[in-house]
Asks: 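Before I ask anything, let me first share the structure, which is written out below as structure tokens.
What you see below is based on every heavy atom in this structure, not just the backbone, and it leaves out hydrogens, waters and symmetry mates. Sequence positions, counted from 1, serve as the residue numbers for this chain.
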Amino acid sequence: MGTFQIDFGDQEKARVVGIDLGTTNSLVAYLDPAGHPEIIPDAGGRKIVPSVVAVAPSGEVLVGHAARDMLITHPERAVYSVKRLMGRGVVDIEEELKLFPFRIAAGSESVIRLQLGERVMTPPQASAEILRQLKRNAEAFLGEEVRQAVITVPAYFNDAQRQSTKDAGRIAGLEVLRLVNEPTAASLAYGLDKRKQGIVVVYDLGGGTFDISILRIKEGIFEVLATNGDTHLGGDDIDNLLLRVAIEDIESEWNEDISENGEAVQLLRRAVIRAKEELSYVPQTTIQLEYRGKRYDRELRRDLFERLITAIVDRTLPPCRQCIRDAGLSVGEIDEVVLVGGSTRIPLVRGAVEALFRAKPHAELNPEEVVALGAAVQAGILSGHVGDTLLLDVTPLSLGIEIMGGVVSKIIPRNSTIPASATETFTTAVDGQRHVLIHVVQGERELVRDCRSLARFDLQDIDPLPAGMARIEVRFLIDANGILNVTARDLRTGREQSVDIKPSYGLTDEQVEAMIRESFEKAEEDFRERQVREARVEADAILAAVEKAKQNDAYFELPDEERQAIDRAVNELLLVYHSDNHILIREHLERVNQATLHLAENMMNAAVRGVLKGTKI
């Protein structure tokens, strides 16, 4: 890993730390005066803070190692793997909750509330406790107040999950300058951003999750091409497997089943984890447990260990192959492979990765620390302490395209870090449509007329399919200089058209501020008009579909009263079409839907009969 040039000419520059807020463990890092990213230890010299929060019977909030100890004695007072719950509702995690002993407090319908003893916490509040501990560790080590941080998140995190992470930072007293994707951070730690171009795979096997990401690097820009993984696969599965084997072994040796004894199980879990970690460096080790005057010793060789865990390691390979396919690549096109997560220390895992990708993976850095180290590099860039390195900026205004009804579909939101890329898929509105006009706009308002027009171009010669069948992929890519490239591509034919734009050209800071302020002032009015326009677009589609259906034999097979009911519902919709009341329009849309249910059913049956009639057996 290269050294980053540090500029300490301005001593007033604020210190920014990099934080890996992990599912199992969390770390905080900084750039030292020599330009090396370093993990910050706690007062006891430990670099890792377990991502566990507990509330002691006294009411004191415990974080990290002390909280993990309480998992043994008072599991109902502790929460772990809280990252899985961030930005999600109870409905989203019903299946996951079956795997965790968390108690959900009353009033958790929209926001998850965790019952920890007498105290109730939301996931952002629990994550904030972990961040607060990392902040304390950093301040004690650096001897100064830490107010700003870069925090890493999985590449697949959605807006709600990212916002919850920012909320956790705010609660902890940190200004979150950037959220950086974990695979991007790992690549930064290895200095791969210095590559002119290349394809990088980040294989991340952590404690509870497995993630595979494929990134394209071009002129320092990281673009996530594809992600995949398994949210219930990780080092914990290896621990649980060894634990089950050891419990069965103890039962035969002691004639006692300890599986229901929480304290004994947790002590044994620590013993098997220690043995697992040692087998990454030595050919054999011993699982040892002393409990209530009894002693258990079992020698474990690496070859037996590898036979036991082969099935678990093999489960990581299909998501990798699928990710390669999703990225539209072959294995031969991959330039670098980066390992992340403590479980990638296992020689069998490294061998499987090397065999699959036909490249020796980067393993020079501690895989548990690499994401935090990359976050520290990004923190150094943002704080201005890193010279001779690209300073990533943000988009001042949202960028999007015009869709039906003169409404804006925002593709890259305001304040997105650049370089940035985003892709959305759209479709056609008219049967047999041969070209699509792409109108690129900039601004915060809901309607195209209130935003700034940046460019228009035509995607021509698309397949003339029925309305709604075509798939048009629109890709926005902003490079480090703020140049926006917009590409529209017909996924069926592969035809594409693109244009380069300088989005901020001609706008002063004052004009940008005015546009943002106006978007807040007109937000309610804009949203109301957007709802009306979207209702009218839906009405257009329904009316066109009904008109087309009237040419079908199934329409004439309906009783007179049903045809009259359809005509009446359509006429009533037309009467309210120009209303400014979107609720009224949607009420009449529903009436047309109800009136045409039997017609739609008859048309479907006729279509099925036609298919069956033409089928030869």
Asks: Could you go through the side chain to side chain contact (heavy atoms under 4.5 Å, CB included) check for Thr428 and Ile462 one step at a time?
Replies: CA-CA 10 Å; Thr428 50; Ile462 65 175; 3.8 Å; yes
Asks: Could you state the interatomic distance from CD (Glu496) to CZ (Arg475), rounded to the nearest 0.5 Å?
Replies: 9.0 Å
Asks: Within the 4.5 Å heavy-atom criterion, are Val53 and Leu114 side-chain neighbours or not?
Replies: no
Asks: Could you report the tightest heavy-atom contact between Ala271 and Ile287, atom names first, then the distance?
Replies: CB-CG2, 4.2 Å
Asks: To the nearest 0.5 Å, what is the distance between CG on Leu356 and CD1 on Ile324?
Replies: 5.0 Å
Asks: Check whether any side-chain heavy atom of Thr23 lies under 4.5 Å from a side-chain heavy atom of Tyr80, and answer yes or no.
Replies: no
Asks: Within the 3.5 Å criterion, strictly below it, is a donor on Arg269 or Asn240 matched to an acceptor on the partner's side chain?
Replies: yes
Asks: Does some side-chain heavy atom of Lys276 sit less than 4.5 Å from a side-chain heavy atom of Asp239?
Replies: yes
Asks: Keeping the roles fixed (side chain from Tyr190, backbone from Leu365), state whether a donor-acceptor pair exists under 3.5 Å.
Replies: yes
Asks: Over all heavy atoms of both residues, which pair between Arg162 and Leu179 is shortest? Give the atoms and the distance, please.
Replies: O-CD1, 3.4 Å
Asks: What residue among Thr310, Ile238, Leu241 forms side-chain contact (heavy atoms from CB on, under 4.5 Å) with Phe305?
Replies: Ile238
Asks: Could you walk me through whether Thr122 and Ile112 pass the side chain to side chain contact (heavy atoms under 4.5 Å, CB included) check?
Replies: CA-CA 6 Å; Thr122 63; Ile112 297 172; over 6 Å; no
Asks: Is a donor from one side chain sitting under 3.5 angstrom from an acceptor on the other, for Glu364 and His362?
Replies: yes
Asks: Under a 4.0 Å N-O cut-off, is there an ion pair linking Lys83 with Glu182?
Replies: yes
Asks: Taking all atoms of both residues into account, what is the closest heavy-atom pair of Ile39 and Ala372, and its distance?
Replies: CD1-CB, 3.8 Å
Asks: Could you check Val313 against Ile346 for side chain to side chain contact (heavy atoms under 4.5 Å, CB included), going step by step and ending with a plain yes or no?
Replies: CA-CA 10 Å; Val313 175; Ile346 297 171; 5.8 Å; no
Asks: Rounded to the nearest 0.5 Å, what separation is found between the CD atom of Glu473 and the OG1 atom of Thr487?
Replies: 9.0 Å
Asks: Looking just at side-chain N and O atoms, do Ser51 and Ser26 make a donor-acceptor pair shorter than 3.5 Å?
Replies: yes
Asks: Could you tell me whether the side chain of Val79 reaches within less than 4.5 Å of the side chain of Val52, counting heavy atoms only?
Replies: no
Asks: Check whether any side-chain heavy atom of Ile214 sits under 4.5 Å from a side-chain heavy atom of Leu329, and report yes or no.
Replies: yes
Asks: Ile412 vs Ser398, test: side chain to side chain contact (heavy atoms under 4.5 Å, CB included). Steps then yes/no.
Replies: CA-CA 6 Å; Ile412 295 185; Ser398 298; over 6 Å; no
Asks: Taking the side chain as every heavy atom from C-beta outward, state whether Ile199 and Leu225 have any pair of such atoms under 4.5 Å apart.
Replies: yes
Asks: Are the side chains of Val408 and Glu402 in contact, using a 4.5 Å heavy-atom criterion?
Replies: no
Asks: Is the gap between the ring centers of Phe210 and Tyr203 under 6.0 Å?
Replies: yes
Asks: Quick check: closest heavy atoms across Ala172 and Leu131, and the distance to 0.1 Å?
Replies: CB-CB, 3.8 Å
Asks: Would you give the length of the straight line joining atom OG1 of Thr209 to atom CG of Asp236, rounded to the nearest 0.5 angstrom?
Replies: 9.0 Å
Asks: Any donor-acceptor pair under 3.5 Å linking the side-chain atoms of Glu278 with those of Thr285?
Replies: yes
Asks: First locate atom CD1 of Ile472, then atom OG1 of Thr425, and finally report the distance between them rounded to the nearest 0.5 Å.
Replies: 9.5 Å
Asks: If you compare all heavy atoms of Ala189 against all heavy atoms of Val370, which two are closest, and at what distance to 0.1 Å?
Replies: CB-O, 3.4 Å
Asks: For the residue pair Val82 and Ala126, what are the closest heavy atoms and their distance?
Replies: CG2-CB, 4.0 Å
Asks: Does Glu333 reach the main-chain N or O of Ser330 with its side chain, forming a donor-acceptor pair under 3.5 Å?
Replies: yes
Asks: With a 4.5 Å heavy-atom cut-off, do Leu399 and Ile411 have their side chains touching?
Replies: no
Asks: Can you run down the side chain to side chain donor-acceptor pair (under 3.5 Å) pairs that involve residues 337-354, sequence neighbours left out, and say none if there aren't any?
Replies: Tyr281-Arg345, Arg345-Asn366, Arg345-Glu368
Asks: Are the side chain of His65 and the backbone N or O of Ile48 linked by a donor-acceptor pair below 3.5 Å?
Replies: yes
Asks: Considering only NZ, NE, NH1 and NH2 on the basic side and carboxylate oxygens on the acidic side, decide whether Asp249 and Arg298 come within less than 4.0 Å.
Replies: yes
Asks: Is Thr184 reaching over with its side chain to a backbone N or O of Val180, donor-acceptor style, under 3.5 angstrom?
Replies: no
Asks: Got a sec: does the CZ of Arg302 have more than 12 other heavy atoms crowding it under 6.0 Å?
Replies: yes
Asks: How far does OG1 of Thr316 sit from CG of Asp204, to the nearest 0.5 angstrom?
Replies: 11.5 Å
Asks: For residues Ser164 and Gln161, is any side-chain donor paired with an opposing acceptor at under 3.5 Å?
Replies: no
Asks: Could you tell me whether a side-chain N or O of Thr493 sits under 3.5 Å from a main-chain N or O of Arg495, the two making a donor and an acceptor?
Replies: yes
Asks: I'd like to know if Arg492 pairs up with Asp490 as an ion pair, taking the criterion as any Lys NZ or Arg NE/NH1/NH2 lying under 4.0 Å from an Asp or Glu carboxylate oxygen.
Replies: no
